[in-house]
Amino acid sequence: FFTPLIQSIVQEKLAEWSDQPGLTLTFHFSPPDFAAAAEASEAEFQRIISNLLNNSAEALTGRGTVAVELSILDGKVNIVVSDNGRGISEDELAQLSVEPQSFKQEGSGLGLGYAQKKIAEWNGSITISSQLGVGTTVKLAIPLSPHPRWLPNSIVVQPTTQVAVVDDETTVLNQWLSRLAPFLRN
C-alpha cells in the first residue's frame, strides 16, 4: 500500500533531516487511494524510496526542496521523486542508463542498480531526467495489483457507532485508520 508507506518514509526523513533547516520535503498524493497496492515487497519498496530521497537530499546545496508525488493512472502506481539540487550532466545520465554507478564521492551507485532491478522484477519502469543546476526527477511506474478482498471499496459508519481497529500488521492497521480517519474523535 503505497500511500501509507510513503507517508511513513517521508515522516522518517523529516525527523532524520530536522537538523537541515534549508531542506524542505513535500508529499502529495492524488487521488488519495489508500488501498493502491502492487506485487512488491514492502521492505524493498521502502528501501528504494528511502534511497531516492537520500539521493535527492544529498544533491541539494544549502536550501532546496525534495518532492514526492504519488498518483494512480492507467493501472499503474506512479511515484515521482524530484529535487531542485545540482542535477546530473547529460554524459553522467547516459552512463546511468547503461550501468548504475555513483558520481558522488561517497556513493557506490548500488542503490540505483538495486532500484532498477527490483522495479523490473515488479514489471515496472524507472526513468531519470535531470538538468545541471536545475535538479533531477526520478519516475517510477509499477503495475497495480487487484484490490485486496479484505479491504472494502467503501465503508459506512454511523455517527454513534464505536469501532475498534486492531491489527498486528502496521500496513493493514494504517489502511483501516486511513479509511476511518473522518470518523475518529480525539
Side-chain angles (χ1 to χ4, degrees), residues 1-38 40-89 92-93 96 102-104 106-107 109 111-112 114-116 118-119 122 124-144 170-171 173-182 184 186:
F1 301 103
F2 292 98
T3 303
L5 279 177
I6 294 175
Q7 284 176 319
S8 70
I9 296 166
V10 166
Q11 291 302 315
E12 176 186 309
K13 293 301 174 187
L14 285 170
E16 185 180 324
W17 300 336
S18 63
D19 63 341
Q20 299 177 39
L23 190 149
T24 303
L25 175 59
T26 64
F27 175 48
H28 176 74
F29 51 97
S30 172
D33 185 351
F34 292 98
S41 160
E42 180 178 324
E44 290 169 337
F45 177 76
Q46 286 177 311
R47 179 177 170 190
I48 289 167
I49 297 300
S50 180
N51 185 56
L52 292 174
L53 292 175
N54 286 339
N55 288 348
S56 286
E58 290 166 7
L60 300 176
T61 52
R63 302 186 84 70
T65 300
V66 175
V68 183
E69 297 176 37
L70 171 68
S71 62
I72 312 297
L73 185 64
D74 298 329
K76 294 182 180 176
V77 175
N78 300 287
I79 302 143
V80 178
V81 177
S82 59
D83 64 66
N84 60 352
R86 62 181 155 273
I88 304 169
S89 73
E92 291 173 341
L93 203 53
L96 284 176
S102 180
F103 299 103
K104 301 180 287 188
E106 297 180 17
L112 183 57
Y114 178 82
Q116 290 172 327
K118 287 299 168 186
I119 291 168
W122 302 332
S125 63
I126 181 170
T127 57
I128 305 169
S129 59
S130 188
Q131 187 176 352
L132 278 176
V134 176
T136 301
T137 300
V138 179
K139 296 179 181 180
L140 311 177
I142 304 170
L144 285 169
T170 305
T171 304
L173 178 62
N174 288 339
Q175 288 298 313
W176 283 110
L177 291 175
S178 295
R179 287 284 175 103
L180 295 169
L184 296 178
N186 293 334

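Remember, it's a predicted structure, so these values are computed and weren't measured experimentally. Numbering starts at 1 and runs along the sequence shown.
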For this session: May I ask you to decide if Gly64's main-chain N or O and Asn84's side chain share a donor-acceptor pair within less than 3.5 Å?
Result: no
Problem set entry | Set of side-chain contact (heavy atoms from CB on, under 4.5 Å) partners for Val138, sequence neighbours left out | Leu52, Ile126, Ile128, Thr136, Leu140
Exercise. For atom NZ of Lys118, is the number of surrounding heavy atoms from other residues, nucleotides or ligands below 6.0 Å larger than 12?
Worked result: yes
For this session: For Phe45 and Ile6, run side chain to side chain contact (heavy atoms under 4.5 Å, CB included): C-alpha distance rounded to whole Å, both residues' side-chain angles, the deciding distance at 0.1 Å, then the answer.
Result: CA-CA 9 Å; Phe45 177 76; Ile6 294 175; 3.9 Å; yes
For this session: With rounding to the nearest 0.5 Å, note down the distance linking CD1 in Ile48 to CD1 in Ile79.
Result: 9.0 Å
Exercise. For Ser125 and Ile119, which heavy atoms make the closest approach, and how far apart are they?
Worked result: N-CG2, 3.4 Å
Exercise. Quick one: side-chain contact (heavy atoms from CB on, under 4.5 Å) partners of Lys76, sequence neighbours excluded?
Worked result: Asn78, Ala141
For this session: Return the set of residues passing side-chain hydrogen bond (donor to acceptor under 3.5 Å, both in side chains) with Ser82 (not counting sequence neighbours), or none when no residue passes.
Result: none
Exercise. Could you state the interatomic distance from OG (Ser41) to CZ (Arg47), rounded to the nearest 0.5 Å?
Worked result: 10.5 Å
Exercise. Which value, rounded to the nearest 0.5 Å, describes the distance between Gln116 atom CD and Thr127 atom OG1?
Worked result: 10.5 Å
Pairs of donor and acceptor atoms involving the side chains of residues 15-27, under 3.5 Å and at least two apart or interchain, shall be tabulated with distances.
unit_1	atom_1	unit_2	atom_2	d
Glu16	OE1	Lys13	NZ	3.2
Ser18	OG	Ala15	O	3.1

Exercise. With sequence neighbours left out, what residues match Ser89 under side-chain contact (heavy atoms from CB on, under 4.5 Å)?
Worked result: Asp91, Glu92, Leu132
Exercise. Does the Arg86 side chain pair with the main chain of Glu58, one donor and one acceptor, at a distance under 3.5 Å?
Worked result: yes
